Amino acid sequence: MNVSVPFLDMKAPHQELAAELDTAYHRVLDAGWFILGEEVDAFEAEFANYVGVKHCVGVGNGLEALHLILRAYGIGPGDEVIVPSNTYIATWLAVSYAGATPVPVEPDPKTYNLDPANLAAAITPRTKAVLPVHLYGQPADMDAIVEIAHQHGLKVIEDAAQAHGARYRGRQAGGLGDAAGFSFYPGKNLGALGDAGAVTTNDEALADKVRLLRNYGSRVKYHNEVKGFNSRLDPLQAAFLRVKLRHLDEWNERRRQVARRYLAAWQGIPGLILPFVSAFAEPAWHLFVVRHPQRDALQKHLREADIGTLIHYPIPPHLSEAYQEMNFQPGTFPLAEEFAASLLSLPIGPHLTEPEQSAVIESVCQFF
Ligand SMILES: *Cc1c(COP(=O)(O)O)cnc(C)c1O
């Protein structure tokens with residue numbers, strides 16, 4: 001019997017919560033208030049509490065969360081921000097939006113996360129911040145990163161877009177640096193029903209500045225203190241996120257169970273490199289990413305078995321057309337390039353059924 005497995009099921013999670021989402025929708029409709037307001041305030045308080053930080057500021061999306069943090073710290077033209085060479089391009093774009101220059105460093109090849117050992121060497125007198133990403137939901141080695149960064153007077157801004165509920169030495173991602181940007185893009189562990197994002201921080205002045213920047217630079221309507229942006233969290237999305245936040249830990253636990261099954265089933269397959277979980281890490285398992293030199297053949301084999309896979313990410317930012325002007329040649333960041341050619345993301349999620357999990361497990365085993 002052939003079980004077809006989509007890479008990501010966007011229907012089942014919302015069917016499970018249909019009644020609660022319906023109630024949330026009607027609450028917003030009845031309130032008749034559609035920009036910022038109580039629903040956004042309530043989500044901000046609940047998410048700050050979840051992450052364990054003093055402040056949360058809801059914004060339009062994850063890219064804007066990072067961009068507004070950089071702006072609020074006064075980072076701009078002439079400044080450098082250290083970023084991973086192997087990340088989603090949004091991490092780099094946030095730096096570019098602020099007018100600063102992204103300075104890539106290579107990852108730890110075991111965890112795919114920013115390697116603290118490469119950090120110090122990339123710091124120059126122009127460096128203002130470092131932007132580690134908790135890639136695939138695995139927390140980066142934040143104590144080491146924060147220590148080096150703070151020795152050099154740099155801000156540490158977490159890209160927590162893939163790490164809702166991930167823990168580092170028992171502490172939640174999003175509260176491990178000076179500030180963090182979250183995305184609630186629908187496919188993330190905590191996803192809205194459209195675009196949404198948030199900034200989390202313990203830094204009151206930073207939270208205040210981001211609040212100003214997200215809303216046209218004004219605290220009082222029509223009094224514009226700075227040239228701000230329009231990047232506000234939508235109250236309808238805030239209402240949906242409040243529902244889904246209540247299920248995040250349970251859904252992350254289901255992801256963990258799938259990851260455990262996969263790890264147990266595939267350990268010992270020669271040449272197949274499985275995700276490495278550091279002793280300090282409790283991953284959120286946003287993605288389950290394996291590595292193999294015959295990645296394309298493995299992907300084809302799975303496609304023929306009706307199993308959806310994706311590549312995160314096929315082109316590293318430094319080789320993308322968007323960053324042509326920086327003139328990076330192939331070979332500049334060999335690890336990022338090797339990973340782009342050999343990584344494969346397999347289906348994982350809270351609604352992946354046991355037969356679906358078994359189909360993925362068997363199909364991968366068949367290939368070897
Ligand atoms: C999803 C994502 C973002 C951007 O989030 P959007 O809400 O789509 O703007 C940024 N960084 C990483 C690592 C992401 O995965």
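Atoms within each ligand, like the ligands themselves, are counted from 1 in listed order. FYI, the numbering just counts along the sequence from 1. Worth saying up front: this structure is predicted, and the values here are computed from it rather than measured.
We find that R211 and E44 are joined by a salt bridge, their nearest charged nitrogen and carboxylate oxygen being less than 4.0 Å apart. Taking the charged nitrogens against the carboxylate oxygens, E250 and K244 have no contact shorter than 4.0 Å, which rules out a salt bridge. Ion pairing between a basic and an acidic side chain is recognised when a charged N comes within 4.0 Å of a carboxylate O; R219 and E225 show such pairing. Looking at R256 and E282, no side-chain N of the basic residue comes within less than 4.0 Å of a carboxylate O on the acidic one, giving no salt bridge. The pair R246-E46 does not meet the salt-bridge criterion, since no charged nitrogen lies less than 4.0 angstrom from a carboxylate oxygen. For D296 and R303, the salt-bridge test fails: no basic side-chain N is under 4.0 Å from an acidic carboxylate O.
The shortest N/O to N/O separation between Y88 and ligand 1 does not fall below 3.5 Å. Below 3.5 Å of separation, one finds no N or O of Y185 facing any N or O of ligand 1. Here's the thing with A161: none of its N/O atoms is less than 3.5 angstrom from an N/O atom of ligand 1. In terms of polar-atom proximity, defined here as any N/O pair under 3.5 Å, T87 makes no such contact with ligand 1.
Atoms of ligand 1 found under 4.0 Å from any heavy atom of L63, numbered from 1 in the order shown, are 4 (C), 5 (O), 6 (P), 9 (O). Every atom of ligand 1 is numbered from 1 in the order shown, and the set under 4.0 Å from a heavy atom of N61 is 7 (O), 9 (O). For ligand 1, the atoms closer than 4.0 angstrom to any heavy atom of V133 are 13 (C). The ligand atoms of ligand 1 that sit less than 4.0 angstrom from a heavy atom of A90 are 3 (C), 4 (C), 10 (C). Within ligand 1, the atoms closer than 4.0 Å to a non-hydrogen atom of Q162 are 13 (C), 14 (C), 15 (O), numbered from 1 in the order shown.
At least one side-chain heavy atom of Y25 sits under 4.5 Å from a side-chain heavy atom of F240.
Contact annotation: K188 has at least one heavy atom less than 4.0 Å from an atom of ligand 1.
There is a path of hydrophobic side-chain contacts, each under 4.5 Å, that joins L63 to Y73.
Protein heavy atom nearest atom 13 (C) of ligand 1, with residue, atom name and distance: D159 OD2, 3.4 Å.
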